[in-house]
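Counting convention: from 1, in listed order, for ligands and their atoms alike.
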Amino acid sequence: MIRDQETLEALLDSVRRFVRERLVPAENEVAETDEIPEAIVQEMRDLGLFGMTIPEHFGGLELTMEEEVRVLFELCQTSPAFRSVIGTTVGIGSQGILMDGTPEQQAAWLPKLATGEIMASFALTEPEAGSDAASLRTTATKDGDHYVVNGNKRFITNAPHAGMFTLMARTDAANKGAGGVSAFIVDAKSPGISFGKNDVKMGQKGAHTCDVFFDNVRVPAANLIGLKEGQGFKTAMKVLDKGRIHIAAVSVGVAQRILRDALAYALDRKQFGQPICEFQLVQAMLADSQAELYAAECMVIDAARRRDAGQNVSTEASCCKMFATEMVGRVADRAVQILGGSGYLAEFGIERFYRDVRLFRLYEGTTQIQQIIIARNMIREARNA
Ligand code: COS
């Protein structure tokens with residue numbers, strides 16, 4: 001749903017200009033230094049990007065899902081590390097509070113997230129609990145008007161910069177499944193929280209992840225999301241349904257950039273006396289990429305519209321996440337092929353995208369987890385029909 005086309009176009013124009021004038025020129029510096037310049041982070045705050053999904057009365061832009069994905073198509077036509085700066089705050093880190101938090105919890109945290117004064121991070125994955133998220137071992141034990149949290153979280157995006165965590169922990173030791181898990185808002189400055197070294201990753205330099213350790217961290221009982229125990233796994237799943245459409249939109253944006261660069265190269269590069277775009281085998285790679293990209297873009301917009309219309313989009317979100325992240329992997333691979341030897345060289349930037357996009361098929365649920373979700377939903381619906 002687009003509420004006002006003119007307002008959205010103005011936002012898309014400013015994001016497009018920001019990407020072209022500020023982010024693309026900084027790509028190499030970010031890849032070399034593994035840091036996003038603070039001036040760029042500040043410009044993201046000024047553009048309101050941290051508050052994209054937060055309601056207007058808490059100081060955000062309150063974008064609908066369709067508006068959000070259209071912004072992501074533009075914002076992601078550059079190194080995906082830039083999106084990662086705002087990603088956890090607009091997405092998985094804040095949405096649990098928005099979906100299931102009490103009015104008091106929302107009022108206490110969302111305004112600071114909307115302005116980018118603090119960043120949110122989503123702490124679900126653990127060393128022994130990845131795809132099987134419901135098996136998490138971090139515990140939160142009630143002690144008066146607090147919970148005491150102990151455990152380790154792994155691969156936590158933006159943890160080194162986070163002001164707060166949406167943390168999933170087990171409140172019912174007797175229930176080892178999803179029903180024993182609760183979600184908490186945890187102030188990142190709480191005593192007992194410590195951080196591992198920044199992970200050294202295949203790509204996405206400038207986007208930081210690390211382990212987070214909780215050692216007898218006292219969290220006020222008032223920070224239990226929705227003030228209800230045992231709901232945390234469902235909150236996490238709902239958050240991920242939305243997050244998966246978000247990641248699919250990111251994949252579409254990055255694929256557009258990669259394909260544009262590959263086409264520009266094919267128009268320019270000459271072999272056998274003509275531009276390589278004249279060769280049908282190169283054309284096949286361009287055409288396959290364009291068709292798949294178009295399909296992913298249509299899927300993402302459709303899923304976003306359905307979500308805006310209030311439908312349950314668990315299946316569609318997983319379809320989008322699976323198809324779009326696999327699509328951008330194939331587009332990046334073909335782009336390396338079209339650029340040939342230059343595709344393998346750092347100075348042309350395509351090999352960097354090739355490494356960057358590999359992550360999309362892993363986080364917020366691997367392709368294999370999306371397959372499981374889609375098939376399970378199909379089977380459940382067929383049995384209930
Ligand atoms: N929305 C709302 N509730 C949901 C839901 C959704 N999308 N998906 C599951 N639930 C509910 C179920 O209805 C069930 O509730 P009841 O016990 O009341 O019936 C409960 O949550 C448990 O669901 P389920 O039995 O399907 O859980 P599983 O342990 O089988 O796990 C998968 C399901 C594999 C889908 C889940 O663990 C998953 O998504 N794993 C990947 C995690 C991930 O993406 N990690 C990345 C980290 S974040 S970067």
Side-chain angles (χ1 to χ4, degrees), residues 65 80 83-84 87-96 98-100 119-138 151-159 162 165-170 172 175-183 199 201 204 207-212 225-226 228-248 250-251 303 306-307 310-322 325 358-381 383-384:
M65 191 80 231
R83 189 286 320 181
S84 197
T88 52
T89 305
V90 307
I92 53 181
S94 66
Q95 293 301 306
L98 203 52
M99 290 173 186
D100 289 336
M119 277 190 203
S121 213
F122 183 73
L124 173 66
T125 302
E126 299 182 357
E128 303 297 331
S131 291
D132 184 8
S135 71
L136 60 83
R137 295 177 182 182
T138 296
N152 298 356
K153 294 288 175 180
R154 179 146 293 174
F155 310 137
I156 305 304
T157 302
N158 284 327
F165 294 99
T166 295
L167 172 88
M168 267 53 66
R170 192 167 302 284
D172 182 355
N175 185 340
K176 302 284 181 221
V181 176
S182 301
D199 298 322
K201 308 190 300 319
Q204 299 226 7
H208 302 143
T209 65
C210 70
D211 279 7
V212 186
I225 292 183
K228 271 200 226 114
E229 287 191 6
Q231 295 299 308
F233 186 79
K234 287 183 189 172
T235 299
M237 291 299 113
K238 287 191 280 180
V239 165
L240 284 170
D241 280 346
K242 182 171 197 292
R244 288 165 182 160
I245 301 176
H246 178 109
I247 296 297
V250 172
S251 301
R306 285 170 190 262
R307 189 175 189 284
Q311 293 179 24
N312 177 345
V313 290
S314 171
T315 303
E316 288 78 5
S318 287
C319 289
C320 288
K321 167 64 164 72
M322 175 173 81
T325 61
R358 189 64 184 79
L359 180 58
F360 298 147
R361 290 158 59 193
L362 305 174
Y363 65 3
E364 300 202 22
T366 59
T367 292
Q368 290 67 32
I369 286 294
Q370 309 312 324
Q371 289 171 317
I372 287 170
I373 294 171
I374 296 163
R376 273 194 193 176
N377 288 349
M378 290 168 67
I379 294 163
R380 189 181 312 115
E381 278 167 31
R383 285 194 174 136
N384 291 341

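Here Asp199 pairs with Thr209 under the side chain to side chain donor-acceptor pair (under 3.5 Å) rule; sequence neighbours left out. In terms of the side-chain contact (heavy atoms from CB on, under 4.5 Å) criterion, residue partners of Asp172 (sequence neighbours excluded) are, by chain and number, Ala174, Asn175. Annotation: side chain to side chain donor-acceptor pair (under 3.5 Å) contacts of Thr367 (sequence neighbours excluded): Glu326.
In this structure, a donor-acceptor pair under 3.5 Å is absent between the side chains of Thr138 and Asn152.
With respect to the salt-bridge test (charged N to carboxylate O, under 4.0 angstrom), the residues Arg244 and Glu364 do not qualify.
A 4.5 Å side-chain heavy-atom check between Phe122 and Thr88 finds every atom pair outside the cut-off.
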Starting from the N and O atoms of ligand 1, find every protein N or O within less than 3.5 Å and list the pair with its distance.
unit_1: ligand 1; atom_1: 7 (N); unit_2: Asp241; atom_2: OD1; d: 3.4
unit_1: ligand 1; atom_1: 7 (N); unit_2: Asp241; atom_2: OD2; d: 2.8
unit_1: ligand 1; atom_1: 18 (O); unit_2: Lys234; atom_2: NZ; d: 2.7
unit_1: ligand 1; atom_1: 26 (O); unit_2: Arg376; atom_2: NH1; d: 2.9
unit_1: ligand 1; atom_1: 30 (O); unit_2: Arg376; atom_2: NH1; d: 3.0
unit_1: ligand 1; atom_1: 30 (O); unit_2: Arg376; atom_2: NH2; d: 3.1
unit_1: ligand 1; atom_1: 37 (O); unit_2: Ser131; atom_2: O; d: 3.3
unit_1: ligand 1; atom_1: 39 (O); unit_2: Arg244; atom_2: NH2; d: 3.3
unit_1: ligand 1; atom_1: 40 (N); unit_2: Ser131; atom_2: O; d: 2.8
unit_1: ligand 1; atom_1: 44 (O); unit_2: Arg244; atom_2: NH2; d: 2.9
unit_1: ligand 1; atom_1: 44 (O); unit_2: Gly365; atom_2: N; d: 3.0

